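Encoded as structure tokens, the structure appears first; notes follow it.
Just so you know, ligand 1 is whichever comes first in the structure, and atom 1 is the first atom listed for that ligand. Computed from a predicted model, the values in this text were never measured in an experiment.
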Amino acid sequence: MSKLAYKRVLLKVSGEALMGSREFGIDLETVGRVADDVIACLDAGAQMALVIGGGNIFRGVAGAAKGMDRVSADHMGILATVMNALAMQGVLQARGIDARVLSAIAMPTVCETYSRDKAVHHLDHGRVVICAAGTGLPFFTTDTGAALRAAEMACDALFKGTSVDGIYSADPKLHPDAERYDRLTYTDILSRDLRIMDPAAIALARDNAIPVVVFSIRTPGAVLEVLRGKGRATTVTRD
Ligand code: UDP
């Protein structure tokens, strides 16, 4: 078994990555595929925390654009992340894995409330920690929630599973000639406004020296490859 490049990892997956070929909502088969990738990382000896977005169900900005109060709309988005987290917990538990949803917003009859100590305790016991409800605050994103939790839990890396195999100079789906990078700095992302994560998330990762690794979550086995410091990905560090 090859050595791991990172021991404790926070994996951020967008809500859309759970849709499979649907246009909305949760495709449990796709959740299962991501869960299998997470289990492969556990089996390889890593500690795994997850943050799942909510964009497959609701985004606050979309509600606000249609005239809703932004705070209420963001609360709906936050609740969408809890639904996704519960789906992942259920699928992992059905595979015999001890997984715990920890929500930034207290809902004690549904799941545990997030605290750093509780999260680290679960990780140290080999459980998958699923951090739900983002930061718990409107006007933020789950990318920022992921960077925040990665800093709190002293994760060795923040993995961002996307629909493409790294960071490009422009959206490769719209610009087939866009340049792909193997390595970038936090400053590259911020100064060139490369829209891979929101700037608050990148700034948090930079300030806490957490490497950000961007790769395609659609490629089965990619998470384990990246965990081993291999595979096709863009790694973002200080230099
Ligand atoms: N959200 C929020 N605060 C947070 C995290 C999420 O208000 O800390 C809301 C926001 O409305 C956002 C939605 O939840 O649009 C879903 O999260 P996100 O857009 O990050 O999901 P993803 O794009 O990763 O699926």
**Request:** Under 4.0 Å from a heavy atom of Gly134: give me the atoms of ligand 1 that qualify, with their elements.
**Result:** 5 (C), 8 (O)
**Prompt:** What part of Val61, side chain, backbone, both or neither, has a heavy atom within less than 4.0 angstrom of ligand 1?
**Reply:** neither
**Prompt:** Tell me: protein heavy atom nearest atom 18 (P) of ligand 1, and distance?
**Reply:** Thr142 OG1, 3.4 Å
**Request:** Measure the distance from atom 6 (C) of ligand 1 to every protein heavy atom, then report the residue, atom name and distance (to 0.1 Å) of the closest one.
**Result:** Phe140 O, 3.7 Å
**Request:** Within a distance under 4.0 Å of any heavy atom of Lys12, pick out the atoms of ligand 1 and give their elements.
**Result:** 24 (O)
**Fill in**
If you scan protein heavy atoms around atom 23 (O) of ligand 1, the nearest is Arg59 NH2, 2.5 Å
**Message:** Quick one about Thr219 and Asp165 (side-chain donor to acceptor, distance below 3.5 Å, no hydrogens or angles considered), yes or no?
**Reply:** no
**Distance-minimising heavy-atom pair for Ala35 and Met88** = CB-SD, 3.9 Å
**Asked** Say you draw a straight line from CD1 of Ile196 to OH of Tyr168; how long is it, rounded to the nearest 0.5 Å?
**Response** 10.5 Å
**Item:** Distance-only donor-acceptor check, side chains Asn84 and Thr81, under 3.5 Å
**Value:** no
**Prompt:** Has the side chain of Glu225 got a donor or acceptor atom that lies under 3.5 Å from a matching backbone atom of Arg232?
**Reply:** no
**For Pro138, atoms of ligand 1 separated by under 4.0 Å from a heavy atom** = 7 (O)
**Prompt:** Only one of Thr162, Thr141, Asp143 forms a side-chain hydrogen bond (donor to acceptor under 3.5 Å, both in side chains) with Lys12, so which one is it?
**Reply:** Asp143
**Message:** Set out, in order, the CA-CA distance, both residues' side-chain angles and the distance that settles side chain to side chain contact (heavy atoms under 4.5 Å, CB included) for Val31 and Ile26, then state yes or no.
**Reply:** CA-CA 8 Å; Val31 179; Ile26 305 171; 3.6 Å; yes
**Request:** Report, in ascending order of atom number, the atoms of ligand 1 lying under 4.0 Å from any heavy atom of Ser14.
**Result:** 24 (O), 25 (O)
**Message:** For atom 5 (C) of ligand 1, what is the closest protein heavy atom, and at what distance to 0.1 Å?
**Reply:** Thr141 C, 3.4 Å
**Item:** Closest protein heavy atom (residue, atom, distance) for atom 10 (C) of ligand 1
**Value:** Asp74 OD1, 3.3 Å
**Item:** Residues in ring pair (Phe, Tyr, Trp, His ring centres under 6.0 Å) contact with His175, at least two apart in sequence or another chain
**Value:** none
**Distance from atom 14 (O) of ligand 1 to nearest protein heavy atom, with residue and atom** = Gly77 C, 3.1 Å
**Request:** Enumerate the atoms of ligand 1 whose separation from the nearest heavy atom of Gly55 is less than 4.0 angstrom.
**Result:** 21 (O), 22 (P), 25 (O)
**Request:** List the atom of Met68, the atom of Phe58, and the distance in Å for their closest heavy-atom pair.
**Result:** SD-CZ, 4.2 Å
**Item:** Ligand-side contact atoms (ligand 1) for residue partner Phe58, heavy atom cut-off under 4.0 Å
**Value:** 13 (C), 16 (C)
**Prompt:** Should Arg22 and Glu29 count as an ion pair when the cut-off is N to O under 4.0 Å?
**Reply:** no
**Request:** May I ask you to list the atoms of ligand 1 that are less than 4.0 angstrom from any heavy atom of Gly60?
**Result:** 10 (C), 11 (O), 15 (O)
**Item:** For atom 21 (O) of ligand 1, closest protein heavy-atom neighbour
**Value:** Gly54 N, 3.0 Å
**Request:** For Gly53, take its heavy atoms, then give the atoms of ligand 1 lying under 4.0 Å from any of them.
**Result:** 21 (O), 22 (P), 24 (O), 25 (O)
**Message:** Give me the nearest non-hydrogen protein atom to atom 3 (N) of ligand 1 as residue plus atom name, then the distance to 0.1 Å.
**Reply:** Leu137 O, 2.6 Å
**Request:** Could you please spell out the steps behind the salt bridge (Lys or Arg N to Asp or Glu O under 4.0 Å) verdict for Arg195 and Asp171?
**Result:** CA-CA 9 Å; Arg195 302 234 151 225; Asp171 184 346; over 6 Å; no
